[in-house]
Amino acid sequence: MMKKELAKTYDPHGLEDRIYQNWEDKGYFHAEVDETKKPFTIVIPPPNVTGRLHMGHAFDETMQDILIRWKRMQGYNALWQPGCDHASISTEVKIIDQLKKDGTDKKTLGREKFLERAWAWKEEYGGIITQQLKKLGSSCDWQRERFTMDEGCNRAVTEVFVRMHEKGYIYKGSRIVNWCPVCKTSISDAEVEYEEQQGHLWHIKYPMVNEDGTVSDTEFIEFATTRPETMLGDTAVAVNPKDERYHKWHGRKVLLPIVNRELPIVEDEYVDMEFGTGVVKITPAHDPNDFEVGKRHNLPEVNVLNDDATINENGGKYAGMDRYECRKAIVKELEEMGLLVRIEDYSHNVGTHERCHTTVEPMIKKQWFVRMDELIKPAVKAVKEGEIRLIPQRAESAYFNWTDNIRDWCISRQLWWGHRIPAWYCDDCGEIIVDRQTPAKCPKCGGTHLHQDEDVLDTWFSSALWPFETLGWPDETPELKYFFPTDVLVTGWDILFFWVIRMIFSSYEQMGTYPFKTVLFHGLIRDEQGRKFSKSLGNGVDPLDIIAKYGADALRLTIVTGNDLGGDMRFYVDRVENSRNFANKIWNASRFILMNLPEEEDPVLLSPELPAGLEPVDHWILSRCNRLVREETANLDRFELGIAVQKVYDFLWDEFCDWYIEMVKPRLYNTDDKTSQTAALWTLRTVLLTSLKLLHPYMPFITEEIYMTLQDADESIMISSWPEFRADWDYPQEEREIETIKEAVRGVRNMRTQMNVAPSKKAQMVIVSDKEEVLEIFRTGRLFFESLAGASESSCQQDKAGIPDSAVAVVLADATIYIPLGDLVDIAAEKERLQKELKRLEGELTRSEKMLSNEKFLSKAPADKIEEEKEKQQKYRQTYEQVKERLSTMS
RNA sequence: GGGAGUAUAGCUCAGCCGGGAGAGCGUCCGCCUCACACGCGGGAGGUCAGGGGUUCGAGCCCCCUUGCGCCCACCA
């Protein structure tokens with residue numbers, strides 16, 4: 001093998017792009033249907049086509065890439081299906097902004113020109129986010145990249161719409177919807193965000209109408225409202241049928257002031273008798289509850305608002321006025337009429353549009369809806385019966401809360417950018433035709449004057465089809481058959497209702513099966529103070545800046561480390577620096593190994609077989625590494641990415657670098673024993689390669705670079721095989737032995753610091769133990785023990801013969817290391833040190849004795865626990881006795 | 001109003017099945033030891049929010065209280 005060199009510090013610049021390009025060129029990301037392999041599929045939550053990568057994406061994509069790389073290495077035919085979303089409303093809003101800057105608007109431009117503009121915009125900004133995803137290292141199959149408005153997806157959307165319409169799941173109806181007066185479109189319930197707002201509660205009274213039709217000036221019905229301007233659309237007042245206070249007025253009417261409309265008093269259970277006066281004014285056209293009440297009592301619906309939330313012609317003299325100005329004016333007029341009782345400060349939740357935060361206006365509109373009652377049933381069943389697993393499991397309560405209270409989904413939007421609804425209206429007879437193609441004539445009357453519905457579909461209507469439309473549906477492609485259903489969906493909590501649930505029922509309805517087996521939710525990335533990243537706070541961190549400065553590996557490691565399932569994560573640069581330092585650490589460990597490889601190629605080093613000359617310390621690290629393989633895989637199986645990577649991190653830094661490398665140095669430098677040297681090198685190389693593989697899903701670039709350099713072969717780590725637990729690498733005995741030496745080294749180091757011995761000062765050490773096997777461990781590990789403990793030389797003996805009183809003693813359970821440090825030893829300090837140790841051991845012994853003399857513990861605790869405790873106690877006792885003895889000999 | 005969380009070192013967070021409190025950063029001490037100062041070695045620092053209970057034994061299980069955000073909800 002060729003001896004190569006690495007730079008002194010790891011520099012990700014340039015290297016990452018080069019490696020990524022190579023992966024792409026080799027086609028490693030591409031997955032073809034292959035019946036001999038098992039598929040593993042993830043579909044990307046499609047980012048907005050004109051969007052830019054933010055931390056949320058980085059979190060999301062990193063988790064997916066880890067899973068996909070891991071499964072690919074495990075031998076699965078791994079497909080990570082990429083693509084983008086047209087993001088109907090948010091893209092349209094951006095284009096409208098741009099038009100505004102150009103001094104024009106949607107209306108002036110017209111639909112056709114507007115769409116041209118939108119597509120141009122998409123072309124201009126469309127590639128950016130995918131380029132950015134590549135910077136992160138995402139191993140998506142770019143050859144299969146899709147777009148929610150590409151030809152295939154358009155067909156899928158039309159097909160689903162037509163089928164669901166045929167089945168009666170999609171209908172057009174006049175119902176109360178959430179209306180955004182700024183975006184001038186209807187929105188779904190999921191798009192309404194409730195915000196706490198300070199407002200007022202206006203207590204108002206309407207006069208009763210007397211039996212003879214005159215208006216009473218003594219009898220009034222009083223109630224409270226947060227929205228006085230809606231009184232223009234009042235068509236009743238309601239009381240609870242059980243409310244005896246109002247029985248006397250049964251059958252009477254009240255007069256709606258200003259408008260002078262006579263309103264019936266209706267009785268409805270919906271009214272809460274406890275609240276206020278127990279009377280509610282009913283405005284069926286502008287309140288969802290009132291709408292229901294209106295339906296139950298056949299009340300007229302009087303719409304008083306225009307689409308921009310100004311008052312319409314039904315508002316009489318208020319027509320044309322803004323809704324809030326009208327509110328003021330009406331309150332003023334009521335006050336002048338003496339009908340305003342009082343004004344109370346009131347804080348309440350107001351529905352706003354999650355895009356623009358405008359207060360939404362409930363309005364009755366003719367819209368397209370998806371009937372949810374039947375569709376939602378299989379989606380509920382899937383999660384209840386565990387066919388779809390939500391991780392973490394607590395997501396289920398949110399899931400069921402939504403499904404239990406689901407209402408029909410309003411899918412039409414008064415926008416232009418999106419999938420236009422495949423419905424046509426016959427101008428001659430009014431027939432509605434829903435079809436896959438533009439109909440030539442009306443099937444009912446034969447008329448040819450048809451016009452298509454102006455509206456487009458909710459963005460989420462097409463995203464709901466994403467897992468199968470991207471694989472070719474509605475065509476029965478081999479890909480669809482092979483890769484669907486997908487395996488894991490990784491996404492944030494925020495789109496559980498928007499997207500996850502809708503994919504589940506859409507897939508079940510169209511495909512007869514669920515779209516994925518597991519949904520892995522993650523939290524939000526927050527700033528160092530725990531705040532959300534937001535434009536208005538200006539606290540956003542651009543993942544690309546982080547990548548430019550520290551490399552994608554460091555960013556990825558930071559994002560995934562120390563994050564519990566589904567939890568939020570705080571992001572700060574110190575953590576990235578730590579990740580970068582870790583990258584540099586393994587870089588240098590690899591550099592060290594490379595430096596020590598022989599000039600000439602040695603087949604023993606490259607062989608997978610265990611070489612001759614392995615020592616217990618080699619067995620120890622192999623065994624530790626082997627254990628890591630098992631734990632790592634087990635944690636990935638549970639999707640505990642944070643825990644899994646932490647284990648590799650700890651292993652590599654602590655056990656491999658800080659212990660093993662230091663332990664084998666003397667053997668590497670001793671050219672006399674070639675066999676031992678080669679065995680050490682073999683172990684170094686093998687363990688490093690194995691752990692690099694375990695690390696690769698998290699830090700793909702650096703692991704690839706080192707792997708390639710170390711292998712001197714053209715085989716990428718990303719297509720290498722995932723390590724498996726091997727029985728022949730299991731050495732529990734050696735693990736214990738090396739632990740003994742580590743304990744000894746730690747003890748000596750500790751003592752040296754406490755005694756203030758200069759690090760460079762070497763000392764003679766005598767290991768005393770009455771156990772021959774213990775001495776043997778130290779004899780075998782003599783070289784590295786001496787090196788790590790700072791011994792000039794060491795010797796082993798069974799008794800204390802020849803050891804001076806002035807020696808310092810490091811007392812272990814079954815051995816004592818004596819260090820005659822000559823005049824450096826301060827006897828008083830040594831005594832004090834040992835007495836402290838004695839006190840600690842006394843404490844441990846008391847605890848242990850208490851436990852072991854407890855009859856209930858002995859009868860109830862599991863046998864291995866008791867055994868373990870007994871061993872511990874014995875160890876404490878031994879150490880205790882020896883420390884005591886040592887103290888007594890120090891006159 | 002309902003639901004599900006969370007509270008552990010100065011900071012950010014781990015802690016699987018109940019059995020001797022952990023990491024990173026920060027801090028203190030000593031080291032530029034021929035892979036790495038983006039480093040090495042050693043240390044200090046915690047009533048595991050508070051109270052009660054179950055248990056031989058509780059950071060972990062049960063109940064109550066308090067703090068903090070989160071999701072859902074039509075109380076006019």
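Nothing here was measured: the structure is a model prediction, and the numbers come from that model. Chain identifiers are assigned alphabetically (A, B, ...) following the order of the sequence lines, protein sequences preceding nucleic acid strands; residue numbering begins at 1 within each chain. Just so you know, these numbers use all the heavy atoms, side chains as well, and skip hydrogens, waters and symmetry mates.
Between N584(A) and the phosphate of C36(B), there is no side-chain N or O to OP1/OP2 separation shorter than 4.0 Å. Distances shown here put a side-chain N or O of Y194(A) below 4.0 Å from the OP1 or OP2 atom of C74(B). Not one side-chain nitrogen or oxygen of N401(A) sits closer than 4.0 Å to the OP1 or OP2 atom of A4(B). Regarding contacts with the backbone of C16(B), every side-chain N or O of N635(A) stays at 4.0 angstrom or more from both OP1 and OP2. Residue W653(A) has a polar side-chain atom (N or O) positioned under 4.0 Å from OP1 or OP2 of C40(B). Phosphate proximity of A14(B) to K647(A): absent, as no side-chain N or O sits under 4.0 Å from OP1 or OP2. Within the 4.0 Å cut-off from OP1 or OP2 of G24(B), not a single side-chain nitrogen or oxygen of Y649(A) is found. For U33(B), the OP1/OP2 oxygens have no side-chain nitrogen or oxygen of K665(A) closer than 4.0 Å. Between R227(A) and A76(B), a side-chain N or O to OP1/OP2 separation shorter than 4.0 Å is absent.
Using modelled atom types and a 3.5 Å distance limit, the side chains of S347(A) and E196(A) yield a donor-acceptor pair. Side-chain atoms of N578(A) and D574(A) form no donor-acceptor pair, as typed in the model, at a separation below 3.5 Å. Between N635(A) and R638(A), the side chains place a donor N or O and an acceptor N or O closer than 3.5 Å (distance only, hydrogens not considered).
When distances run from any side-chain atom of S397(A) to the nucleotides G42(B), G3(B), A35(B), the shortest one goes to G3(B). Minimum atom distance to the side chain of R749(A) is reached by G41(B), of the listed A35(B), G41(B), C74(B). When the nucleotides G30(B), A76(B), G42(B) are ranked by their closest atom to the side chain of Y346(A), A76(B) comes out on top.
Below the 3.5 angstrom threshold, one finds a donor paired with an acceptor across the side chain of E662(A) and the base of A35(B). Side-chain atoms of N289(A) come within donor-acceptor range of the base of C74(B), with a qualifying N/O pair under 3.5 Å. Judged by atom type and distance alone, K8(A) does not reach the base of C36(B) through any side-chain donor-acceptor pair under 3.5 Å. In terms of polar N and O atoms assigned as donor or acceptor, the side chain of R575(A) never comes within less than 3.5 Å of the base of C25(B) in a complementary pairing.
Taken to the nearest 0.5 Å, the CG atom of L688(A) stands 11.0 Å off from the OH atom of Y707(A). Summarising the geometry, atom CG belonging to D290(A) is positioned 7.0 Å from atom NZ belonging to K281(A); distances are rounded to the nearest 0.5 Å.
A gap of 15 Å separates the C1' atoms of U8(B) and G50(B), to the nearest Å.
By the rule that a glycosidic angle within 90° of 0 means syn, C17(B) counts as syn.
Residue-level contact check: R580(A) touches the bases, meaning some heavy atom is under 4.0 Å from a base atom. Heavy atoms of F400(A) sit nowhere under 4.0 angstrom from any nucleic acid atom. Contacts of D658(A) with the nucleic acid, taken as non-hydrogen atoms under 4.0 Å apart, involve only primed sugar atoms and P, OP1 or OP2. P288(A) comes within 4.0 angstrom of nothing in the nucleic acid, heavy atoms only. Heavy atoms of Y669(A) sit under 4.0 angstrom from primed sugar atoms or phosphate atoms, though from no base atom.
Both T753(A) and Y10(A) sit near RNA chain B, but only Y10(A) has its closest nucleotide nearer the 5' end. Checking R394(A) against R526(A), the closest nucleotide of RNA chain B that is more toward the 5' end is the one next to R394(A).
Salt-bridge check for E849(A) with R877(A): passed, with a basic side-chain N closer than 4.0 Å to an acidic carboxylate O.
Across all strands shown, G22(B) pairs with C13(B); the Watson-Crick or G-U wobble distances both stay below 3.5 Å.
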